Amino acid sequence: MLYNGRPVDLTPEEEEIATMFAVMKDTDYATKPVFVKNFWEDWKKVLGPKHVIQKFELCDFTPIFDWHAAEKEKKKQMSAEEKKQLKEEKAKAEERYAWVLIDGVGNFRVEPPGLFRGRGEHPKMGKLKRRIFPEDIVLNIGKEAPVPECPLPGHKWKEVRHDNTVTWLAFWNDPINVKEFKYVFLHQSSSLKGKSDEEKYDKARKLTSKIDSIRESYTKDFKAKDVEARQIAVATYLIDRLALRAGNEKDDDEADTVGCCSLKVEHVSLSPPSSLEFDFLGKDSIRYQNSVVVNEEVYDAIHDFKKGKKEGVDLFDRLDTSKLNAHLKKYMQGLTAKVFRTYNASYTLETQLKETLGATLNEKTAEYSRANKEVAILCNHQRTVSKGHSAQMERLEAKISELKTLREELATDLGKVKKGKPPVHSTAKRPPTAEQLEKKLAQTDARIAKMTLDLSVKEDLKTVALGTSKINYMDPRITVAWCKRHEIPIEKVFNKSLLAKFAWAMNVEPNFRFCEADGGADEDL
DNA sequence: ACCCTGACTTAGCATCGACCAG
DNA sequence: CTGGTCGATGCTAAGTCAGGGT
């Protein structure tokens, strides 16, 4: 790289960190002052006080960036054959780390060093995430199991434990947040994971038989004299109705995001006569923006909770997630805020799928996507609009108008031919028959219809992420049962990983109903 | 009652490879 | 055959929540 216009030599360690920064030139992290500041602070520590490099502004990382771009290009130019071989070699070398006795391992690789990429306005973005060594890693294995050999000669594991009350196989402390852990867990397809997934959905399903009385109860409390009880009631209402997250407290060294209990007064505004306007950053700094007509008592309560508070003050000042969850436990064993999200997501899917009107396979799966979309919108699962989206839309529109012109031409020709006159638009040596034209016309109409539909679906879904709800919120038994009833191959809606993840749900009866909870009808209160 | 630790689920984005239209 | 698109998968950050200690 260049410093003050002149080449500088860096030690491998110094250069490695410079490279981490250099390759991010074209991301918007590179323009964020916090990112640059944190990177520079950490890199400077490695460079030491006497290094030639003293000022960030004089650093020119372009040579490293160019080198990296060239390496990337080289890799791209490799033949498919070479790539495949390389991949196979890697897989073979890793094979022995990818399995434990019973199942596959999810993340068996340690996280490589890099610059921390926090989401949103994260105060720690750009900090150096140091390399992890065996000395950082705690293993969890069976008492009699042989200790896995340490792959780095001369190094040794931090610790070997035998704890059969937890599911993790190994962990290390996160170098960015030293008090937090990074775990190695079993793969999503593991039967152990499946079991706990099934329990999660069973618990959510159990809510079906309680939900009416819970709603009745919190509705009653909208007017409670006791402020805490009233706040619990309104918060529960929001979590139930809007599928908000619980909203734990956050530290100052994290991005400033909120959930239900941590909403600040400025995040909810009153819009007469009875609407609430939500606008805040939730998990992953994803914006939640919604306008909801609410019950008059809720409206009044929010008004009261906001009264006399300045910006930045908690809307629910008497409440936190543990108080809320403690209250929810009174309704149902194991009930917590997140169960409502699972319940309402699954309920929505089932309700949306109730009347499947489509005749063809394609129409039916389109209806499934539509139902999926409703759930994703409920849960506010978003994605960034893809880079080429608008260009793609324009291309599709152009294509459609092209087809429409063709359609008009076909229609004119058909009219001519029917009257025994020669077609105007056909260039074929032998003029097409009326039947041929009719067939072509029908085909064109179908293509126009399909493309128009594709276009609207694409525009509709440009900011909606369907996958998250499919993986985490919608009881797979609803989907499997629906597929069975409508004779849809399950592979049309679940990909390979979902099929493996939801293996436990595959033999459900076609008449399975999420909302007819059959178990646990008579729990305590 | 509150705080902190620990373990687990949930989340969006990057990357890769299969597939498709031109 | 090739470049572009899109879904599958990997990666790791960011949540939730229980439980133990003070």
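So you know, we letter chains A, B, ... as the sequences are listed, proteins then strands, and number each from 1. Here the structure is a predicted model, which is why all the values come from computation and not from measurement.
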Touch class at under 4.0 angstrom, heavy-atom based, for A:K72 against every strand present: nothing

Sugar-phosphate, base or nothing in reach of A:G118, heavy atoms under 4.0 Å: sugar-phosphate

Closest to the A:R109 side chain, choosing from B:dC8, C:dG10, C:dG15: C:dG10

Sugar-phosphate, base or nothing in reach of A:N325, heavy atoms under 4.0 Å: sugar-phosphate

Closest to side chain of A:V166, choosing from C:dC17, C:dT12, B:dC8: B:dC8

N-O pairing of A:R119 and A:D284 below 4.0 Å: yes

Sugar-phosphate, base or nothing in reach of A:S322, heavy atoms under 4.0 Å: nothing

Rounded interatomic separation in angstrom, taking CZ from A:R245 and C1' from C:dG15: 7 Å

A:Y473 or A:F171, whichever maps to the more 5' nucleotide of DNA chain B: A:F171

Residue closer to the 5' end of DNA chain B, A:D320 versus A:R161 (nearest nucleotide): A:D320

Sugar-phosphate only, base, or nothing, as touched by A:T321 at under 4.0 Å among non-hydrogen atoms: nothing

Touch class at under 4.0 angstrom, heavy-atom based, for A:I471 against every strand present: nothing

Donor on one side chain, acceptor on other, A:N372 and A:E374, under 3.5 Å: no

Selected nucleotide, minimal atom distance to A:Y183 side chain, candidates C:dG10, B:dC8, B:dA11: B:dC8

Sugar-phosphate only, base, or nothing, as touched by A:R119 at under 4.0 Å among non-hydrogen atoms: base

Modelled atom types, side-chain donor and acceptor of A:Y368 and A:T479, under 3.5 Å: yes

Phosphate OP1/OP2 of C:dA13 contacted by A:K124 side-chain N/O (<4.0 Å): no

Touch class at under 4.0 angstrom, heavy-atom based, for A:G106 against every strand present: nothing

For atom CG of A:D251 and atom C1' of B:dT5, their distance in whole Å: 13 Å

Nearest-Å distance for atom pair CG/P, residues A:N140 and B:dC8: 10 Å

Under-4.0 Å side-chain N/O to phosphate OP1/OP2 contact, A:T336 with C:dA18: no

Sugar-phosphate, base or nothing in reach of A:Q382, heavy atoms under 4.0 Å: sugar-phosphate

d(CG, A:N380; C1', C:dG15) in whole Å: 14 Å

Value in whole Å for how far the P atom of C:dA14 lies from NZ of A:K129: 11 Å

Distance, rounded to the nearest Å, where A:M474 contributes CE and B:dA11 contributes P: 13 Å

A:Y331 versus A:S217, side-chain donor and acceptor atoms under 3.5 Å: yes

A:I286 side-chain proximity, nearest of B:dG12, B:dT9, C:dT9: B:dG12

Sugar-phosphate only, base, or nothing, as touched by A:F116 at under 4.0 Å among non-hydrogen atoms: sugar-phosphate

Options B:dT9, C:dT9, B:dA11, nucleotide nearest the side-chain atoms of A:H381: B:dA11

Closest non-hydrogen atom pair between A:C379 and A:A345, with its separation: SG-CB, 4.2 Å

Among B:dT9, B:dG12, C:dA13, the nucleotide that comes nearest once only the side chain of A:E111 is considered: C:dA13

Whole-Å distance separating the NE2 atom of A:H187 from the P atom of B:dC8: 18 Å

NZ/NE/NH1/NH2 to OD/OE distance under 4.0 Å, A:E199 and A:K203: no

Touch class at under 4.0 angstrom, heavy-atom based, for A:A337 against every strand present: sugar-phosphate

Selection from C:dG15, B:dC2, B:dG6 that lies nearest to any side-chain heavy atom of A:K323: B:dC2

First encountered from the 5' end of DNA chain C, between A:R383 and A:I176: A:R383

Distance-only side-chain donor-acceptor flag, A:D240 / A:Y218, under 3.5 Å: yes

Phosphate OP1/OP2 of C:dT16: any A:N248 side-chain N/O under 4.0 Å: yes

5' precedence on DNA chain C between A:L115 and A:N495 (nearest-nucleotide basis): A:N495

Touch class at under 4.0 angstrom, heavy-atom based, for A:K338 against every strand present: sugar-phosphate

